[in-house]
Amino acid sequence: GALQSVYSQFKFTVTGPALPVPAIAGSDVVLDCKCSIDLPREGVEVRWFRTRYDSPVHLYKEGRQQLETQDEAYRHRTQLFVEEFINGDVSLRLGDVRVSDNGAYTCFVDYGEQRCNQRGGSLRKQKLGQKYGVNRLQR
């Protein structure tokens, strides 16, 4: 009823490639991640991480890159295309790819009451518009 229609206003999804992203050691690669709504530069959190949420590969929050909490292994190697947020694009560029970069990456987007999660693994539905997609990096 009314409650459902309120929820649907806040619903958005995030998508990524269905197959692992191929990469060559020493090259740059872009891990694609798109939100179904346009995002502002302010009031949005974009967090890319692997296994530890609190040790992000890249974190954008409160209108700026939050590099002090970044995983040391990714220092000076990551970039978000902030000017593309307005198109729902929260893809991550990873430079100088290493063998140790292989694995699953999660793209977490928090916008007000709206959250979406993209995680390496199988596609699963989640209520309130949260959706899990796949983004793996292959050697």
Side-chain angles (χ1 to χ4, degrees):
L3 191 59
Q4 184 60 44
S5 65
V6 169
Y7 280 148
S8 64
Q9 289 173 12
F10 291 111
K11 187 177 288 190
F12 69 105
T13 59
V14 67
T15 54
L19 295 172
V21 179
I24 299 166
S27 67
D28 291 2
V29 68
V30 174
L31 300 178
D32 289 321
C33 186
K34 287 273 290 184
C35 265
S36 60
I37 59 169
D38 301 338
L39 297 167
R41 292 190 187 198
E42 301 289 331
V44 65
E45 174 184 333
V46 178
R47 180 187 298 260
W48 279 89
F49 64 98
R50 295 190 69 179
T51 54
R52 289 185 52 204
Y53 180 88
D54 61 349
S55 183
V57 170
H58 197 100
L59 175 61
Y60 180 94
K61 193 176 179 182
E62 294 165 359
R64 68 181 182 89
Q65 320 280 346
Q66 306 274 346
L67 301 179
E68 57 274 10
T69 59
Q70 186 180 35
D71 185 327
E72 286 286 338
Y74 295 93
R75 194 63 47 92
H76 307 303
R77 296 201 296 132
T78 58
Q79 175 196 353
L80 283 177
F81 306 96
V82 179
E83 67 280 0
E84 293 298 320
F85 282 12
I86 194 67
N87 299 315
D89 190 342
V90 288
S91 300
L92 179 78
R93 178 189 287 278
L94 178 59
D96 188 22
V97 170
R98 304 167 184 173
V99 172
S100 58
D101 293 333
N102 191 46
Y105 290 74
T106 300
C107 172
F108 174 80
V109 180
D110 188 352
Y111 175 36
E113 296 301 310
Q114 311 178 56
R115 292 178 179 220
C116 58
N117 230 336
Q118 181 188 337
R119 189 176 186 89
S122 59
L123 211 64
R124 289 180 290 166
K125 288 182 184 173
Q126 190 76 323
K127 60 184 179 183
L128 295 193
Q130 293 184 15
K131 223 168 199 180
Y132 292 83
V134 178
N135 211 336
R136 287 193 297 267
L137 183 64
Q138 259 191 344
R139 276 183 289 205

Measuring from atom NE2 of H58 to atom CD of Q66, what distance do you get when rounded to the nearest 0.5 angstrom? 9.5 Å

R77 to V97 - nearest heavy-atom pair and separation: NH1-CA, 4.1 Å

What are the two closest non-hydrogen atoms of L94 and T78, and how far apart are they? CD1-CG2, 3.9 Å

How long is the straight-line distance from CD of Q79 back to CD of Q65, given to the nearest 0.5 Å? 8.5 Å

Got P56 and T69 here, is their nearest side-chain heavy-atom distance under 4.5 Å? yes

Quick one: CD1 on I37 to CZ on F85, what's the gap to the nearest 0.5 Å? 12.5 Å

Restricting to non-hydrogen atoms, name the atom on S91 and the atom on L80 that form the minimum distance, rounded to 0.1 Å. O-CD2, 3.3 Å

Check: D28 and V30 side chains under 4.5 Å, non-hydrogen atoms: no

Passing candidate, side-chain contact (heavy atoms from CB on, under 4.5 Å) with L39, options D89, V82, I86, V90: V90

Of the non-hydrogen atoms in V57 and Q70, which two are nearest, and what is the gap between them? O-NE2, 2.8 Å

Side chain to side chain contact (heavy atoms under 4.5 Å, CB included) for L31 and C107? Distances and angles first, verdict last. CA-CA 9 Å; L31 300 178; C107 172; over 6 Å; no

Tell me whether S27 contacts the main-chain N or O of I24 through its side chain, where contact means a donor paired with an acceptor under 3.5 Å. yes

Ignoring hydrogens, what is the shortest heavy-atom contact between D54 and R47? Give both atom names and the distance. CA-NH1, 4.3 Å

Only one of F49, Y53, W48, Y60 passes ring pair (Phe, Tyr, Trp, His ring centres under 6.0 Å) with F108; say which it is. Y53

Could you measure the distance from the CG atom of L59 to the CG atom of D71? Nearest 0.5 Å is fine. 12.5 Å

Where the side chain of N102 meets the backbone of V99, is there a donor-acceptor pair that is under 3.5 Å apart? no

